[in-house]
Engineer: 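Let me begin by handing over the structure; questions about it come next.
Just the heavy atoms: all of them, side chains too, but no hydrogens, waters or symmetry mates, feed the values below. Every chain is numbered from 1 and lettered A, B, ... according to where its sequence line falls, protein lines coming before strand lines. On a predicted model such as this, the values are computed, not experimentally measured, just so you know.
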Protein chains: 2
Amino acid sequence: MTKIKQQLDTRNALIQSGIKLFGEYGLNGTSTRMLSHDCGANIALISYHFGNKEGLYEACLDYISLRIQDYIKGTYVTLGDIIRKEKPTAHEAKQVIDSIIETMLTMFLVHEEPKSWNVLISREQSNPTPAFDIIYDSIIKRIQQDLTRMIAIYIGRDPNSEESKIRSHIFISQVLGFITSRESFLRHMGTDNLSQAQIGKTRKVVKEYIDTVLNGLRACQLKEAE
Amino acid sequence: MTKIKQQLDTRNALIQSGIKLFGEYGLNGTSTRMLSHDCGANIALISYHFGNKEGLYEACLDYISLRIQDYIKGTYVTLGDIIRKEKPTAHEAKQVIDSIIETMLTMFLVHEEPKSWNVLISREQSNPTPAFDIIYDSIIKRIQQDLTRMIAIYIGRDPNSEESKIRSHIFISQVLGFITSRESFLRHMGTDNLSQAQIGKTRKVVKEYIDTVLNGLRACQLKEAE
DNA sequence: TTATTATTTAAACAAATGTTTAAATTTGTA
DNA sequence: TACAAATTTAAACATTTGTTTAAATAATAA
């Protein structure tokens, strides 16, 4: 076993335990002994590899950030050309919107590994630590900007207006609510875990909802001069 | 000074400090010494009045729960009759929806005291502690149920379907996102604090948005048999 | 093979933490 | 006014916590 391999094993084991435990108990509610016990690494290795507990927390967010960027890379490969266009068509803009939403829904509702990221992201969203920048700058900001622009283009509004920023925030919140208010949603649905049928319904209702609002806003615009 | 008055002063001072500090640092990140120092009460008074730190946390949520119920009481006084009707009209249902949303926006964006509640609510939403029931059972559940039904009635769908539950979750998330993703929103808006002008724009964009989606869904329904 | 570097370990440290305890003080009641 | 009850205080306690330390072990390079 090479040095690099072994180092990554211990280091990575701590990161995986970190994502799980920090997600469940928060930074302050997770002790170095919990982390050590969870992955079997000696407690001194936290400061050896990461400097201190906060360093491990940041490493967890770095890891999640990279993985999410990987996760959405597929989406952005096919959409990058449209996004970079000076003037995408409304049809093109709608493609971007749909793809981003689809990716988010899949990430939030379907795949198993991302579920462990979601809890930590949800924590950071509602109560940012100093490490929030890691997630914000690499992922959230980009999605905000892209959706602000694409939505405005699709509905025929000014992409640079504050109204467009507000609108995209509302738009993103529609989907983000499945992780930031997950417990409320589950209780309302009367379950501890969404069934495949429930997930299917959710995706369908989301799609109907956003198509309706986007087309409604677009139709308003075709009738009025902004 | 009577006993009851004095007791309430110390007890209440601890609760106010609790709301502030638990909101900012979380339950685990707030020490009994911080609480004691913030309001000047001796540290032993936490267990004296509340049993332990968790008891104080619960008391804070109880306080917030009562205050929010008070806050929305005005809204529910005028809407109660409609909500209790077996078959409200679509017009009536829309009145309920608009009033609830207006109340939530005011609470989340405008008034100063509720702002201190919002942080703690946001925390509980995204990462429920055992005390989440306090807020859920008294407030969130009711709003979920009422909006599920009113939205379904307005757009002509079945109020008891799972789709209606999902739809109302999306609907609530549109507004809740202003507290559960507050940092992201502020950064996107390029400010640390929303100006009055920005708040005004936000309310206007929200109203346009939800009117559009509700009327869009309603129009779909008038064209299709569900 | 030896020396160097990197990793890991077990123990220790200093501080922080939530809670308890007993005494002092204040308040309320008869 | 005296006594009882309630509240408050300061100190102490036991545990937990994050981190450090020095030695042991493993891996790498010459």
Engineer: Is there a donor-acceptor contact under 3.5 Å from the side chain of A:Arg123 to the main chain of A:Phe22?
Structural biologist: yes

Engineer: In whole Å, what is the span from the CG atom of B:Leu45 to the P atom of D:dA6?
Structural biologist: 15 Å

Engineer: Show the atom names and distances, to 0.1 Å, of all donor-acceptor pairs under 3.5 Å that link a side chain in residues 175-182 of chain B to residues at least two apart or in another chain.
Structural biologist:
{"unit_1": "B:Thr180", "atom_1": "OG1", "unit_2": "B:Leu176", "atom_2": "O", "d": "3.2"}
{"unit_1": "B:Ser181", "atom_1": "OG", "unit_2": "A:Gln125", "atom_2": "OE1", "d": "3.4"}

Engineer: Between A:Tyr25 (OH) and D:dT16 (C1'), how many Å, whole number?
Structural biologist: 16 Å

Engineer: Does A:Arg187 come within less than 4.0 Å of A:Glu183, counting only side-chain N to carboxylate O?
Structural biologist: yes

Engineer: Can you tell me if B:Lys204 uses its side chain to pair, donor with acceptor, with the backbone of A:Glu163 under 3.5 Å?
Structural biologist: no

Engineer: Rounding to an integer number of Å, can you tell me how far A:Tyr48 OH sits from C:dA10 P?
Structural biologist: 17 Å

Engineer: Has A:Tyr63 got more than 12 heavy atoms of other residues, nucleotides or ligands less than 6.0 Å from its OH?
Structural biologist: yes

Engineer: Give the table of side-chain donor-acceptor pairs shorter than 3.5 Å for residues 146-153 of chain A, with sequence neighbours excluded, one pair per line with atom names and distance.
Structural biologist:
{"unit_1": "A:Asp146", "atom_1": "OD2", "unit_2": "A:Tyr76", "atom_2": "OH", "d": "2.6"}
{"unit_1": "A:Thr148", "atom_1": "OG1", "unit_2": "A:Gln144", "atom_2": "O", "d": "2.6"}
{"unit_1": "A:Thr148", "atom_1": "OG1", "unit_2": "A:Ser168", "atom_2": "OG", "d": "2.8"}
{"unit_1": "A:Thr148", "atom_1": "OG1", "unit_2": "B:His188", "atom_2": "NE2", "d": "2.8"}
{"unit_1": "A:Arg149", "atom_1": "NH1", "unit_2": "A:Ile83", "atom_2": "O", "d": "2.7"}
{"unit_1": "A:Arg149", "atom_1": "NH2", "unit_2": "A:Lys85", "atom_2": "O", "d": "2.4"}
{"unit_1": "A:Arg149", "atom_1": "NH2", "unit_2": "A:Glu86", "atom_2": "O", "d": "3.4"}

Engineer: Can you check the B:Arg11 CZ to D:dT8 C1' distance for me, whole Å?
Structural biologist: 16 Å

Engineer: How does each nucleotide of nucleotides 15-22 of chain C score, in 5' to 3' order, for protein heavy atoms under 4.0 Å: base (B), sugar-phosphate only (S), or none (-)?
Structural biologist: --BBBBB-

Engineer: Would you tell me if any nitrogen or oxygen in the side chain of A:His49 comes within less than 4.0 Å of OP1 or OP2 on C:dT8?
Structural biologist: yes

